[in-house]
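Scroll down for the structure; my scribbles are underneath it.
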There are 2 protein chains.
Amino acid sequence: MAVMPTRTGRPPKISKADIVAAAHRVVETDGVAALTMRRLAKEVGSTAMALYHHVRDREGLLLLLLDEHAAALPRPELPEEPRERVVAAAVALREALSGYPWVVDVLRADDLLSVGALWYPEQIIDAAVRAGTSIEEAVDVYRIIWHYTAGEVGGRAAARGRREEGGGTYREQVFGELDAAEFPRLSEVGARWEELTARDTYAKGVRALVRGLLP
Amino acid sequence: MAVMPTRTGRPPKISKADIVAAAHRVVETDGVAALTMRRLAKEVGSTAMALYHHVRDREGLLLLLLDEHAAALPRPELPEEPRERVVAAAVALREALSGYPWVVDVLRADDLLSVGALWYPEQIIDAAVRAGTSIEEAVDVYRIIWHYTAGEVGGRAAARGRREEGGGTYREQVFGELDAAEFPRLSEVGARWEELTARDTYAKGVRALVRGLLP
DNA sequence: ACCTGAACACCGTTCAAGT
DNA sequence: ACCTGAACACCGTTCAAGT
């Protein structure tokens, strides 16, 4: 039975859990860029400086947020057949991340997900091994799928952000200046680019990777 | 013959070209985060506010920088065989970007590269069509490869950044807390993760995509 | 036309002081 | 032990004024 340590000094007004919960709220509604120490302090009814008693710095706060989020990710049923299993796990991972693109920004640094979300790499690596690869190759498979997934989620998030602020002019400019002799294919596609790139091709890519990587 | 417009008023001290050149220097040596208006002003021997007479805002400056950089990208000889051609173009694109990961950050928003770098999508789409796909499918092929490339370049850049500031502790923490019963494969890999993920698997991934996507 | 200084509304973080 | 206020060293951007 754990003995409660005798606490001394001023009783805490805010807890780490309060902070993380508030941070979650801010990020969810206004994005990761809006998560400033001052804004967060206002949200928990305290000062920015008080936060530094509970988290090391902003980076540490983001990692905390990441862990909390990762622990809540769904672990869907996956098909037994290894190749289908890899595809399904990747699609689930993309699905899990695409609502929270800030996650990709935070952990893009590592090939690995946060502690709470290791279920995905575990499933993918295991399924790859069961499909007949060595464990080393299975790690490659996972990392390649991860890079593809990170690029897709990150790209889509940025595209959405730009759309929201009335962008789209850059793309138009690109196609406007296009030299049809130098870029025949792009000219051929031309105005249809918007329509063609609106389609969701994630699963298609993962299936191609699985077909190309697994024996 | 173009008539020189009669210029009036104060003669310019700094030009757009000066600004872009200085910006290039800053980004090259200290990364895109170090490119602040004030820092850039110091670099060109002016004030931050003077810059706003030559560029719309920081975002516009980055796009300018992007175009300048894109125009200088190499256009290597590519093999004739369509599948090999796609792989070679993708590898060249990755190569071109990996020295300049800030480019990925800037243009992650669009599937498309800057005006100056359309050569790469043109080659990839053209080769895919010559391999037997429809133009619509060829666009998919390009976008899937682009997402994979953006994810790989972005991830590698972030990993390098973290390594430079003595990081790596997060990965260790992840493997430290690992439950071998829940994550048998990750435990099996364990300490070798570092070694396994140091390998360059980009080309392997592109080849898999090409094998899986092209007829 | 081009540049400047001052100002506005922000940042993350540190530090000494209060309770 | 926990919180606060003031301060430091920054941001991007606007605006009125100068040359």
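Here is how names work: the chains are called A, B, and so on, in the same order as the sequence lines, proteins then strands, and each is numbered from 1.
- Taking atom NE2 of residue A/H54 and atom C1' of nucleotide C/dT13, one finds them 16 Å apart after rounding to whole Å.
- Residues meeting the side chain to side chain contact (heavy atoms under 4.5 Å, CB included) test with B/V87, sequence neighbours left out: B/V91, B/V206, B/R207, B/V210.
- Counting to the nearest Å, the P atom of C/dA1 and the CD1 atom of B/I14 are 16 Å from each other.
- In this structure, CD of B/E59 is placed 13 Å from P of D/dG12, rounded to the nearest angstrom.
- When rounded to the nearest whole Å, the span between CG of B/D57 and P of D/dC11 equals 17 Å.
- A straight line from CE of A/M37 to C1' of D/dC3 spans 14 Å, rounded to a whole angstrom.
- Across every non-hydrogen atom of B/K16 and B/H54, the tightest pair is CE-O, 3.6 Å.
- Ion pair A/K13/A/D18 not flagged as a salt bridge, since none of the NZ, NE, NH1 or NH2 atoms sits closer than 4.0 Å to an Asp/Glu carboxylate oxygen.
- For the pair A/K13 and D/dA1, the criterion of a side-chain N or O lying under 4.0 Å from OP1 or OP2 is not met.
- Every residue two or more places apart in sequence or in another chain was checked for a salt bridge (charged side-chain N to carboxylate O under 4.0 Å, His left out) with A/E182, and none qualifies.
- Near DNA chain C, defined here as any heavy-atom distance below 4.0 Å, the residues from residues 38-47 of chain B are B/R38, B/S46, B/T47, listed numerically.
- Under the side chain to side chain contact (heavy atoms under 4.5 Å, CB included) criterion, A/A138 pairs with A/I125, A/A128, A/V129, A/T133, not counting sequence neighbours.
- Nucleotides C/dC3 and D/dA16 place their C1' atoms 13 Å apart, quoted to the nearest Å.
- Shown are A/E95, A/R94, A/R156; of these, the side-chain contact (heavy atoms from CB on, under 4.5 Å) with A/Y202 is made only by A/R94.
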If you restrict it to nitrogen or oxygen atoms, what contacts under 3.5 Å exist between nucleotides 14-19 of chain D and the protein, and what is each distance?
| residue | atom | partner | partner atom | Å |
| --- | --- | --- | --- | --- |
| D/dG18 | N2 | B/R10 | NH1 | 2.6 |

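- Residues B/L97 and B/V153 share a closest heavy-atom pair of O-CG1, 4.1 Å.
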> Dot-bracket for DNA chain C: what is it, with Watson-Crick or G-U pairs under 3.5 Å, [ ] where a pair crosses earlier ones, and | for a pair to another strand?
Replying inline: ||.|||||...|||||.||
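- Going from atom OG1 of A/T36 over to atom CZ of A/R58 covers 7.5 Å, rounded to the nearest 0.5 Å.
- Shown here is B/E28, whose CD atom has more than 12 heavy atoms of other residues, nucleotides or ligands within 6.0 Å.
- Atom CG in A/D30 sits about 17 Å away from atom C1' in C/dC11, given to the nearest Å.
- Remark: the backbone N or O of B/L196 is paired with a side-chain donor or acceptor of B/R199 at under 3.5 angstrom.
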>> A/D126 vs A/R85, test: salt bridge (Lys or Arg N to Asp or Glu O under 4.0 Å). Steps then yes/no.
In response: CA-CA 10 Å; A/D126 182 56; A/R85 197 175 175 88; 5.0 Å; no
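- Here the P atom of nucleotide C/dC11 and the CG atom of A/L51 are 13 Å apart, to the nearest Å.
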